[in-house]
Colleague: 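Pasting in a structure now, in structure tokens, and then I'll have a few things to ask.
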Amino acid sequence: VQLQAYGGGLVQAGGSLRLSCAASGSFSSINVMGWYRQAPGKQRELVASITSDGTTNYADSAKGRFTISRDGAKNMVHLHMNSLKPEDTAVYYCNVFGIRTGTTYYSMNIWGQGTEVTVSS
């Protein structure tokens with residue numbers, strides 16, 4: 001499984017960005033898709049995730065500002081980020097947890113290459 005993330009960039013505080021990630025490879029379904037971020041000098045942290053049945057989970061810092069969505073048919077996940085703050089500056093990583101190929105489920109963690117988001121004050 002390969003993940004291709006895109007949509008990062010430079011934006012002013014208060015602005016918006018939309019990150020997208022496409023999963024490709026040999027699988028029939030994906031369990032959880034999500035976004036993590038890692039700021040310089042900090043640990044990677046969960047931003048938001050969404051399960052195959054649409055259940056979402058957000059970090060407290062993302063609640064009310066970010067929205068995660070998923071296109072199951074295209075195996076894509078999007079992160080709509082509004083009211084961006086300088087503290088949102090980080091490299092954002094797409095993540096997949098759990099894939100199914102036929103009748104076999106693989107409990108594996110897969111990471112994309114990361115896309116950089118910079119929010120200027």
Side-chain angles (χ1 to χ4, degrees):
V1 178
Q2 293 183 330
L3 302 176
Q4 180 67 46
Y6 53 94
L10 173 64
V11 64
Q12 288 187 331
S16 300
L17 276 177
R18 180 184 189 240
L19 304 183
S20 296
C21 175
S24 61
S26 299
F27 56 90
S28 54
S29 65
I30 295 172
N31 184 9
V32 184
M33 301 186 80
W35 291 93
Y36 287 70
R37 69 186 182 187
Q38 188 166 18
K42 294 187 177 182
Q43 290 188 332
R44 191 173 297 188
E45 61 178 5
L46 173 70
V47 178
S49 64
I50 183 167
T51 65
S52 56
D53 65 0
T55 301
T56 57
N57 181 42
Y58 292 94
D60 287 343
S61 59
K63 289 178 181 177
R65 300 189 298 128
F66 296 0
T67 301
I68 191 169
S69 61
R70 181 169 172 171
D71 184 337
K74 296 181 179 179
N75 294 310
M76 293 189 71
V77 63
H78 309 284
L79 184 67
H80 302 260
M81 303 185 293
N82 297 318
S83 302
L84 283 162
K85 305 174 182 179
E87 49 264 45
D88 295 317
T89 295
V91 177
Y92 284 70
Y93 295 90
C94 178
N95 174 265
V96 158
F97 178 76
I99 62 169
R100 183 175 296 279
T101 61
T103 59
T104 304
Y105 178 76
Y106 298 90
S107 180
M108 57 194 305
N109 224 0
I110 303 165
W111 296 95
Q113 84 284 6
T115 183
E116 192 164 356
V117 172
T118 302
V119 184
S120 62
S121 58

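Position 1 is the first residue of the sequence, and the numbers go up from there. Values reported hereafter were calculated over all heavy atoms of this structure, with side chains retained and with hydrogens, waters and symmetry mates removed.
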Colleague: Does the pair Y6 and T115 meet the rule for a side chain to side chain contact (heavy atoms under 4.5 Å, CB included), with working shown?
Modeller: CA-CA 6 Å; Y6 53 94; T115 183; 5.6 Å; no

Colleague: Taking C-beta and beyond as the side chain, do C94 and Q4 meet within less than 4.5 Å on heavy atoms?
Modeller: no

Colleague: Among V91, V11, L10, exactly one meets side chain to side chain contact (heavy atoms under 4.5 Å, CB included) together with T118. Which residue is that?
Modeller: L10

Colleague: Ignoring hydrogens, what is the shortest heavy-atom contact between T101 and F27? Give both atom names and the distance.
Modeller: CG2-CA, 3.7 Å

Colleague: State whether the number of non-hydrogen atoms from other residues, nucleotides or ligands found under 6.0 Å of Q113 atom CD is greater than 12.
Modeller: yes

Colleague: Within the structure provided, determine whether V117 and M81 are in side-chain contact (heavy-atom separation under 4.5 Å).
Modeller: yes

Colleague: List the steps, then state whether side chain to side chain contact (heavy atoms under 4.5 Å, CB included) holds for L84 with F66.
Modeller: CA-CA 9 Å; L84 283 162; F66 296 0; 3.9 Å; yes

Colleague: Please enumerate all residues that pass ring-ring contact (aromatic ring centres under 6.0 Å, His included) together with Y36, with sequence neighbours excluded.
Modeller: W111

Colleague: Of the non-hydrogen atoms in G112 and Y93, which two are nearest, and what is the gap between them?
Modeller: O-CD2, 3.6 Å

Colleague: Applying side chain to side chain contact (heavy atoms under 4.5 Å, CB included) to R100 and N31, what does each step give before you reach the verdict?
Modeller: CA-CA 8 Å; R100 183 175 296 279; N31 184 9; over 6 Å; no

Colleague: Using a 4.5 Å cut-off on heavy atoms from C-beta on, say whether the side chain of R70 contacts that of I30.
Modeller: yes

Colleague: Run the side chain to side chain donor-acceptor pair (under 3.5 Å) check on Y92 and R37 step by step: do they pass?
Modeller: CA-CA 4 Å; Y92 284 70; R37 69 186 182 187; 2.9 Å; yes

Colleague: Check this for me, if you would: do K85 and D88 make a salt bridge, where the nitrogen-to-carboxylate-oxygen distance has to be below 4.0 angstrom?
Modeller: no

